[in-house]
J.: 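Submitted below is the structure of interest, expressed as structure tokens.
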Amino acid sequence: MKIEGTYTFKAPQQKVWETFNSVEHLQEALPGCEELIETEPGKFDVFLKIGISAVKGKYKGKFEIADPNPPNSYKLIGQGKGLPGYVKGEAVISMSQEGEDTILSYDGDVQVGGLLAGIGQRMIGGISKMMIGQFFKSMDKVL
Amino acid sequence: MKPTAFEYFTPSTVQEALQLLESQGDEAKIIAGGQSLVAMMNFRAARPEALIDINNIKDLDYIREEEDELVIGALTRERTLEVSPLVKEKCPILAKAITHIGHLPIRFRGTIGGTLVHADPTAEIPITSVALDAKMKIAGPSGERVLNAGEFFLTYLTSAIEENELLVEVRIPTLPPKTTAWSYVDISRRFGDFAIVAVASVLSLDNDGVCKEARIAMGGVAPTPVRAKEAEALLAGQKITDSIIEEAAIKAAESDDVDPDSDYHATAEYRKAMTKVLTQRGLKEAWTNFEGSK
Amino acid sequence: MSGEKKKWVGSSYKRKEDMRLLTGRGTFMDDILLPNMKHAAILRSPYAHAKILDVDISEALKAPGVIGVVTGEDVKKASKPYPCGVTIPTKYYTCAVDKVRFVGEPVAVVVADNRYLAEDALDLIEVDYDPLEAVVDIEKAIEPDAPVLHENIGSNIYNHRFFKYGTDWDTLCQEADEVVKWKFNFPKYAGSPIETYGVIASYSSFENSYVVYNNYQGPFVNHALTAMALGIPENKMRWIIPTDIGGGFGTKTGIYPYCALMSIVAKKTGVTVKWIEDRREHLLASATCTDRVTYIEAAVRKDGKILGLKDKAMDTTGGYIRPPEPGCAYRSTGNHTGAYDIRNLDREVYIVATNKGLTAPLRGYGCQELYFSTERITDMAAAKLGIDPAEIRFKNFVQPEQMPYTTATGGYYDVGNYPAAFQKCLDIVEYDKMREYQKKARAEGRLVGIGLASVVDPSVTNIAYVAIGKTIEERKNERDKSGSGEAAIVKVDPLGGITVICSTNPQGQGHETVISQIIADEFGVHPDEVVVDSVLDSSDRLYSITTGSFSSRFASSGTTAIVRASRQCIEKAKKIAAHLMKIKVEDVVMEEGKFFAKDKPEKAIKLRHIAGAAHWNQYDLPEGIDAGLFGTSLWTMPTSRPPDGKDRVNSSNTYGFVAEAIVVEVDQETGEITFLKWASVHDAGTILNPQIVRGQVLGSIVQAIGGSMYEEQAYDEHGQCLTASFADYLCPTAMEMPKVDVDHFESPSVLTALGSKGAGEGSSMSVPPAIGNAIADALAPLGVVVDELPLSPSKIWHMIDEAKAKTN
């Protein structure tokens, strides 16, 4: 499914770029993130426990910050697997300065598979959007 | 499709239930009617380590009238509310909305508390409670607190209830019959299915048929039920006509809060279009029924 | 034979099965409890297409209550792939071996003390997948850059054939006044029986033999193929099917791979294993009809005569192809031109691989896909020529005087009066009045439409159709395949009681009831006295490759076998009676269960005494007569020939006719459909039990409404199934069922003992095109063309919205 959107941060672009590349901050902001380990520069192992209401699950995954073009854009490639299913996605994250704010926009594709895709298709789109929103809100707090 | 193993508790008071929530931690789930939870457990989508079955807490099952409110215990079954003469007389939109919930066997088990905490944005009782500004009383380790419907629903399937709290009561304003026009309409794939879009409308009118206040709640268009504020503002102080109904319906669909998703059953464009159609049809039905009852 | 007035056949004798079924006392797969039985759960692939790098079962083996675990490696060692009726060598094992090719494909099996513990152990199996790109679109699957599912065949084409009958297409187009063409999409949907699959398998190492309980419908070619897959002689596998099956609708036909899989599991773990499929597994990985893309052209004369059809039909059987596919494309060969006298046909058939669930002969098997395109193009031709859609059908019907009629593709229609049956349907729906109503409604801006369909309903499949998957060259060196046999045993016990066993094991259709009615008429007894044993046991029942309860064959083929077995038994009884009464056999009369000399009716002997003589006093039997009293028959229809050298085949044996006339209204604002009026007329030959046939007709109607408007096994572009629960796979409920006026037009078959033809599938083939035509007619003033199903309100709304945008 296609995902795209924007978020406005009240901070200069360089600061936003650094925050979005920092392991500490990412770990704090990623919903349900229990552990985030940089295995190689730009490559991470991640352990998440996320869900909605009673539908929670543990996910083990990897993601990569690829094609970095500081401080303007990079490509985020990730995948995670858990008992409720798997998630795979890539998105291009771009930033631009507008006055004192930074506009971050993302454009990509997310695949959800397994149990949740088969029984939860009614809400997957909305819930994904919401979790992405949560992540940005948390990053905003960090900033 | 067999659930994972769980511990099972049957408290008989709210205090016991709260103690269990505290001691069992965040892997425990309250079960009342089980109409949403049990299916999730059988799919192994939900894997609670403990179930706290509150069906024995008999003093959470009541309906009474207090001044201008109906006071309803969280464990009251949907079917009880559906057929209650008190509800039909004092808050008929609630009884009507409940007839849209699934099928009869589901309503015999489902509870008002359960469906509110489950917080499905297309669910009938959440939508109606947002239209009526209902109040939710929540019991926790440090006492009770009250939230109104606007604060209670946070996002998809998420209410403001904390892991160690229990919803115990709902207060819903009664509707003066001679001056209230109301309706609950929805559109779904089959009879009894989850609504694609649903609209609850309540119009308070004066003796000249002018709308003093409009309350319109829409479900299926956002992560929670939402009020059509611009449409409500448009109707306030107006005489009800077909053309003002249509204007209000268009405003409702154009509201910023209306941001539906596409899924296999219906596209976002369709849902947006149905928001206008149902708001229009719902307001028309409310007005026609009101005029007819005079 | 078929013209006689019967006492019991033709009456709505109350179903015998119902008391036990409605009080929960049926015997279904899950009711069978064997000693020391353990339970299996299947780990299924979450990916549509992936390499399996590793399957780590070490933690699962340690889990509480676990007896053993079986993986694809074990299955590869213990079995051979299933052979299939196409020449390409894909390998279909009952468990994924190196790759998974659809979401839900089995990857491992755990056996434990109970299903809960088995599922707990599934969670502990670690599978390392290397996900690959998936393809779900039929046309994309044959593009050069599509991901290939079966590397050893190098493409996604399972089968590709051409057929030409009559005048060639280009010449025909020159004769025609118009050539109407369009592309149609038919969806993938399922049968959703209340009871899912179930298997109990056990293995005996002393005899190297298996006992497999299952709820399979037939044909029993599966028994032979399963034995071949396991590398054992067929008589070393005993199949037992219990008395009751909770519906099949085709999902329990074809290859039922779990029989083989659980046999392998039973052998490896050394225990008796029970596996009951859950609903999610069923919706993901049991079987559906094929979805189909059809490019179709009709060459027509301006008076409405259809000179010929050209079509390219592209099916997909999913991640694998398994028997009886490629039947999806070929089962309908004989009736391809349906009820119309069309002698010229140009066909191209593709069957392709996609990363979707597998197929089976779902109710209708290929005919709903076929008739959706042929009936829609017929209506489009009518519209182009300015002719009423009823009129174009009358113009093209095969006429009653042309019967028996051999179609251009080799189908043999023995009887039928299509114009009269169709007219009956139009009369019931009050067609002319409805057209007037439509005019008025249109003037008010309402979208009212009338949809017609008139189709030939083939039943009693001739297995020769499978051979059409191969070219004439390719099948030259193989044994011919043909036949449609069904078997019956009718026994009279020493005390005169009649017991019947028939190879058409039922899934709730009421066979016990109808069989009792037939025996009652043949023997002159009361149907209450007749006992029918519906259990199928391969050791002691008669069966064959073609037998079973599928393609609506019980009513015609099954009943004929029963009548023949009965008459064989009665012939013997007459000989014994003649001997006892010391008269000539020709002078023996049988009436109401009594035997007497034709001039001495008062001196009658009861059947009971004849049975007594045959069993109790075996010495005093006439010359050449063995002891006992029974009759057997394994009867194949004489019209079940192999295909000829011109790819013509009589793919079925009895051909009925169904006409639908549906009046709908579309809500312009919401896209919702309301059914205003509906007439459905069926020619199923002699009606054996009107109540039962009515149930069949209404059932096929509601399932077809499902496929046309609600149901779909839907996938996203990555091959994830979106409809794996009943929250999203929408079966119509009683509330969605409109009122339908059902009626019959009986033209008895000359090929079957009682004149009956198949009644089970009928409307499943005619309703999707009729609904398509109705909605198309309703939306015609807006310039909308209907060319796909299912039609949800959201889809219809978008079609209306786009059409309005175009005109603005």
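Per chain, numbering begins at 1; letters A, B, ... match sequence-line order. As a basis for the values below, the full set of heavy atoms in this structure was taken, side chains included, without hydrogen atoms, waters or symmetry mates.
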J.: If you count heavy-atom pairs under 4.5 Å between each of B:Lys276, B:Met274, B:Arg271 and chain C, which one has the most?
T.: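 Ranked by heavy-atom pairs under 4.5 Å with chain C, first place is B:Met274.
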J.: Please round to the nearest 0.5 Å and tell me the distance separating atom OG1 of C:Thr670 and atom CD1 of B:Ile187.
T.: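 So the OG1 of C:Thr670 and the CD1 of B:Ile187 are separated by 4.5 Å.
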J.: So if I take each residue of residues 711-724 of chain C and look for any heavy atom under 4.5 Å from a heavy atom in chain B, which residues do I end up with?
T.: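 When heavy atoms of chain B are the reference, residues 711-724 of chain C contributes C:Glu712, C:Ala714, C:Leu722, C:Thr723 within the under-4.5 Å range.
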J.: Taking C:His798, C:Lys795, C:Glu672 one by one, which has the highest count of heavy-atom pairs under 4.5 Å against chain B?
T.: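 When all of C:His798, C:Lys795, C:Glu672 are compared, C:His798 has the most.
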J.: Measure distances from C:Glu736 to the heavy atoms of chain B and classify the residue's part below 4.5 Å as side chain, backbone, both or neither.
T.: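 For C:Glu736, side-chain heavy atoms alone lie under 4.5 Å from chain B.
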J.: Should the heavy atoms of other residues, nucleotides or ligands under 6.0 Å from CD1 of C:Ile194 be counted, would the total exceed 12?
T.: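 Count not over threshold, so no.
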J.: Under 4.5 Å from any heavy atom of chain C, what part of B:Met1 do you find: side chain, backbone, both or neither?
T.: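 For B:Met1, backbone and side chain are both near chain C.
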J.: Around atom CD of B:Glu291, are there more than 12 heavy atoms of other residues, nucleotides or ligands at under 6.0 Å?
T.: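 Yes - once you tally the heavy atoms of other residues, nucleotides and ligands closer than 6.0 Å, there are more than 12.
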J.: Would you mind reporting whether B:Pro3 and C:Glu119 have side-chain heavy atoms less than 4.5 Å apart?
T.: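 When only atoms from C-beta onward are counted, B:Pro3 and C:Glu119 do not touch, as no gap falls below 4.5 Å.
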J.: More than 12 heavy atoms of other residues, nucleotides or ligands under 6.0 Å from CZ of B:Phe290: is that the case?
T.: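 Buried by this count: over 12 neighbours within 6.0 Å.
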J.: Let me know which of C:Ser792, C:Pro732, C:Ser794 forms a side chain to side chain contact (heavy atoms under 4.5 Å, CB included) with B:Arg189.
T.: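 In the set C:Ser792, C:Pro732, C:Ser794, the residue that makes a side chain to side chain contact (heavy atoms under 4.5 Å, CB included) with B:Arg189 is C:Ser792.
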J.: Counting only heavy atoms closer than 4.5 Å, note whether C:Asp801 contacts chain B via side chain, backbone, both or neither.
T.: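 Neither; nothing under 4.5 Å.
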J.: Residues of residues 39-52 of chain B under 4.5 Å from chain C (heavy atom pairs)?
T.: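 B:Phe43, B:Arg44, B:Arg47, listed by number.
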J.: Which heavy atom of C:Phe726 sits nearest a heavy atom of B:Arg190, and at what distance?
T.: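 Taking C:Phe726 first and B:Arg190 second, the nearest heavy atoms are O-NH2, 3.6 Å.
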J.: Mind checking what makes side chain to side chain donor-acceptor pair (under 3.5 Å) contact with B:Thr275, not counting sequence neighbours?
T.: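 If we apply the side chain to side chain donor-acceptor pair (under 3.5 Å) test to B:Thr275, skipping adjacent residues, there are no hits.
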J.: Go through the atoms of B:Arg281 and report whether side chain, backbone, both or neither lie under 4.5 Å from a heavy atom of chain C.
T.: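 The side chain, not the backbone.
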J.: Could you tell me which of C:Thr733, C:Asp667, C:Asn114 has the largest number of non-hydrogen atom pairs under 4.5 Å with chain B?
T.: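 If we count pairs closer than 4.5 Å to chain B, C:Asp667 comes out on top.
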J.: Residues of residues 246-269 of chain B under 4.5 Å from chain C (heavy atom pairs)?
T.: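 Against chain C, the residues of residues 246-269 of chain B that fall inside the cut-off (heavy atoms, under 4.5 Å) are B:Tyr264, B:His265, B:Ala266, B:Thr267, B:Glu269.
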J.: Would you say CD of B:Glu27 has more than 12 non-hydrogen atoms from neighbouring residues, nucleotides or ligands within 6.0 angstrom?
T.: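 Yes, enclosed.
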J.: Quick check on C:Tyr116: does its OH atom have over 12 non-hydrogen neighbours (other residues, nucleotides or ligands) under 6.0 Å away?
T.: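 Incorrect, the count does not exceed 12.
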